[in-house]
Protein chains: 2
Amino acid sequence: MIANKKSVARLSRYKNALHRFKTMGLVRIFSDNLADAIGVTSSQVRKDFSVFGITGSKRGGYQIDDLFAQLNNILGKDQIQEVIIAGVGNIGAALLKYNGFEKEKIKIVAAFDIDAQKWSDTAPVPVYSLDRLIPFVNARGIKIGIIAVPESAAQMVFDRMVTSGIRGVLNFAPLRLRSPKQCVINSVNLVTELENVIFFSTSGQRIFLGELEADAGAHQVE
Amino acid sequence: MIANKKSVARLSRYKNALHRFKTMGLVRIFSDNLADAIGVTSSQVRKDFSVFGITGSKRGGYQIDDLFAQLNNILGKDQIQEVIIAGVGNIGAALLKYNGFEKEKIKIVAAFDIDAQKWSDTAPVPVYSLDRLIPFVNARGIKIGIIAVPESAAQMVFDRMVTSGIRGVLNFAPLRLRSPKQCVINSVNLVTELENVIFFSTSGQRIFLGELEADAGAHQVE
DNA sequence: AAATATTTGTGAAATAAATAACAAAAAAAC
DNA sequence: GTTTTTTTGTTATTTATTTCACAAATATTT
Ligand SMILES: NC(=O)c1ccc[n+]([C@@H]2O[C@H](COP(=O)([O-])OP(=O)(O)OC[C@H]3O[C@@H](n4cnc5c(N)ncnc54)[C@H](O)[C@@H]3O)[C@@H](O)[C@H]2O)c1
Ligand SMILES: NC(=O)c1ccc[n+]([C@@H]2O[C@H](COP(=O)([O-])OP(=O)(O)OC[C@H]3O[C@@H](n4cnc5c(N)ncnc54)[C@H](O)[C@@H]3O)[C@@H](O)[C@H]2O)c1
């Protein structure tokens with residue numbers, strides 16, 4: 001199986017579309033429908049499914065319940081994924097307050113900050129001292145972390161996360177993290193994302209629908 | 001010139017690396033240095049430059065000041081880019097408070113919300129009623145907008161933006177926006193970004209350095 | 001000033017990703 | 001129960017992106 005970032009993102013979008021189809025009362029679905037719903041070709045849908053070992057029935061399409069279950073299984077949604085955040089500033093606090101993770105079986109179980117003013121045992125998601133990150137993650141066996149600290153602190157925080165057993169990081173700090181141990185890093189640079197919009201909308205360069213689309217969600221409509 | 005999302009993101013990273021080199025006192029730089037700094041091959045650096053018409057001197061590399069100026073020009077940083085935000089909730093407020101846009105010549109000049117409690121003429125960035133979006137954008141000739149409203153309001157807000165003359169949108173709502181007029185859309189779905197981390201760090205699938213790297217900033221170190 | 005070493009710029013080759021095409025399967029129609 | 005129609009699954013093709021490789025240029029050394 002050779003998955004890539006884009007194909008995983010598409011699986012997630014198929015799942016969301018599927019959910020909508022299901023609530024509309026549909027029981028089965030065709031690759032064409034999914035393709036239309038998320039804006040790719042039906043070949044792409046079938047190819048993606050093929051890569052992840054998902055099969056349907058010829059002429060019969062896919063049973064929505066079955067497909068939904070398979071996608072959830074592939075995307076690790078059979079169990080709740082526990083996540084921690086480092087940095088309860090603008091971005092960290094925004095993520096903590098967001099209630100859209102729950103329905104994706106993602107649960108932010110704790111946050112850590114160096115600023116004592118941010119600490120709280122009683123908040124919906126407790127905020128602890130950064131010193132408690134390693135023992136907490138260790139004890140709970142947490143594997144996923146979010147970095148929302150200033151750039152200057154990001155590498156140090158990352159190192160602690162890796163030490164504590166974290167194996168995947170979503171990073172918002174605008175730098176390239178380095179690690180001696182294996183760890184998946186997904187860095188989202190919001191400034192760059194905005195710069196991309198500025199570039200393509202002001203350069204007058206013709207971009208094609210789908211060129212940005214499949215990538216990280218960008219597309220051009222007309 | 002055939003630019004794509006990734007190449008533009010790389011230009012931005014070259015520029016940042018260049019800034020660091022400059023502050024270290026360097027005057028000229030080679031494709032190899034830039035490659036090492038941002039984690040790509042030197043071929044990639046030279047190819048990128050070639051695509052955007054940037055040239056250096058054989059054996060002499062690139063003059064940092066000159067290269068910096070060219071990158072700034074390509075990325076539209078000769079003038080300040082004015083941007084508006086719709087939705088001053090978790091994400092919208094985080095962006096408003098962030099001070100990292102300024103040094104990239106991006107200025108958020110106003111925000112718009114449907115909730116009267118959010119309105120403020122006196123805030124560092126004023127927050128107005130959504131009704132004022134179209135006249136404001138029209139009058140100021142603003143071309144870039146950020147959508148940070150709930151999914152249910154996103155399409156309506158987007159339509160208003162396009163009507164008012166906006167030509168590029170950074171969208172955080174998890175849906176596919178549709179438009180009758182041409183507009184560049186870059187949708188960032190933070191849930192999907194986190195799902196990607198979860199997938200690759202728990203699937204045990206071997207991913208290769210660079211596979212996610214160049215895409216939206218994700219990479220794996222070991 | 002000539003020789004040497006190094007680095008660019010670019011076309012060719014390789015790799016990766018998306019789309020097209022179609023045989024095979026199986027619903028639906030007759 | 002046979003035929004027709006439709007849709008999958010997969011292989012082939014196309015398109016896009018990255019890397020390779022090397023001639024040409026030009027710093028640097030001798
Ligand atoms: N806010 C945005 O819109 C935005 C946009 C682009 C990039 N970013 C990046 O995201 C990251 C977070 O941005 P922000 O605006 O939320 O920052 P912020 O300054 O609002 O918050 C940072 C938080 O991290 C805490 N912190 C500092 N050092 C720490 C440490 N060593 N350990 C734990 N916590 C520590 C601070 O106390 C603070 O609460 C930054 O790297 C920033 O560059 C943010
Ligand atoms: N906060 C996160 O961490 C997060 C994560 C993933 C995705 N998102 C997405 O980002 C978007 C914003 O999320 P949020 O958490 O900031 O939401 P939020 O509910 O905190 O804020 C939304 C804001 O938009 C305003 N609003 C509502 N309707 C409006 C309209 N028609 N015009 C103008 N303003 C309007 C509300 O008054 C509120 O201030 C949502 O689509 C959400 O799904 C957010």
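This one's a predicted model, so the numbers in the text were calculated from it and none came from an experiment. Just so we're on the same page: letters track the sequence lines, and every chain starts at 1.
Checking the phosphate oxygens (OP1, OP2) of dT8(D), a side-chain nitrogen or oxygen of Ser31(A) falls inside 4.0 Å. The phosphate of dA17(C) (OP1 or OP2) has no side-chain N or O of Gln44(A) nearer than 4.0 angstrom.
Of the candidates dT8(D), dT8(C), dT19(D), dT8(D) carries the atom nearest the Arg46(A) side chain, counting heavy atoms from C-beta on. With dC22(D), dT10(D), dA17(C) as the choices, the nucleotide that has an atom nearest any side-chain atom of Asn4(A) turns out to be dA17(C). Of the listed nucleotides (dT19(C), dT7(C), dG9(D)), dG9(D) has the atom at the smallest distance from the side chain of Tyr62(A). Which of dC20(D), dT8(D), dT8(C) sits closest to the side chain of Ser43(B) comes down to dC20(D).
Separating the NZ atom of Lys5(A) from the C1' atom of dA18(C) is a distance of 18 Å, rounded to the nearest angstrom. In this structure, CZ of Arg28(B) is placed 7 Å from C1' of dA27(D), rounded to the nearest angstrom.
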Using the 3.5 Å cut-off, write out each protein N or O paired with an N or O of nucleotides 24-26 of chain C and the distance between them.
unit_1  : atom_1 : unit_2   : atom_2 : d
dA26(C) : O4'    : Lys58(A) : O      : 3.2

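Contacts of Thr55(B) with the nucleic acid, taken as non-hydrogen atoms under 4.0 Å apart, involve only primed sugar atoms and P, OP1 or OP2.
Look at Asp78(A) and Lys105(A) and you find no salt bridge, because none of the NZ, NE, NH1 or NH2 atoms lies under 4.0 Å from a carboxylate O.
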Got a list of side-chain donor-acceptor pairs under 3.5 Å for residues 149-167 of chain B, not counting sequence neighbours?
unit_1    : atom_1 : unit_2    : atom_2 : d
Gln155(B) : OE1    : Arg178(B) : N      : 3.0
Gln155(B) : NE2    : Asp159(B) : OD1    : 2.9
Gln155(B) : NE2    : Arg178(B) : O      : 2.6
Thr163(B) : OG1    : Asp159(B) : O      : 2.8
Ser164(B) : OG     : Arg160(B) : O      : 3.3
Ser164(B) : OG     : Met161(B) : O      : 2.7

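In terms of modelled atom types and a separation under 3.5 Å, the side chain of Asn33(A) and the main chain of Phe30(A) share a donor-acceptor contact. Checked by atom type and distance alone, the side chain of Lys77(A) pairs as donor or acceptor with a backbone atom of Glu104(A) at under 3.5 Å.
Residue pairs meeting the ring-ring contact (aromatic ring centres under 6.0 Å, His included) criterion with at least one member in residues 55-76 of chain A, sequence neighbours excluded: Phe49(A)-Tyr62(A).
A donor-acceptor contact under 3.5 Å links the side chain of Lys47(A) to the base of dT19(C).
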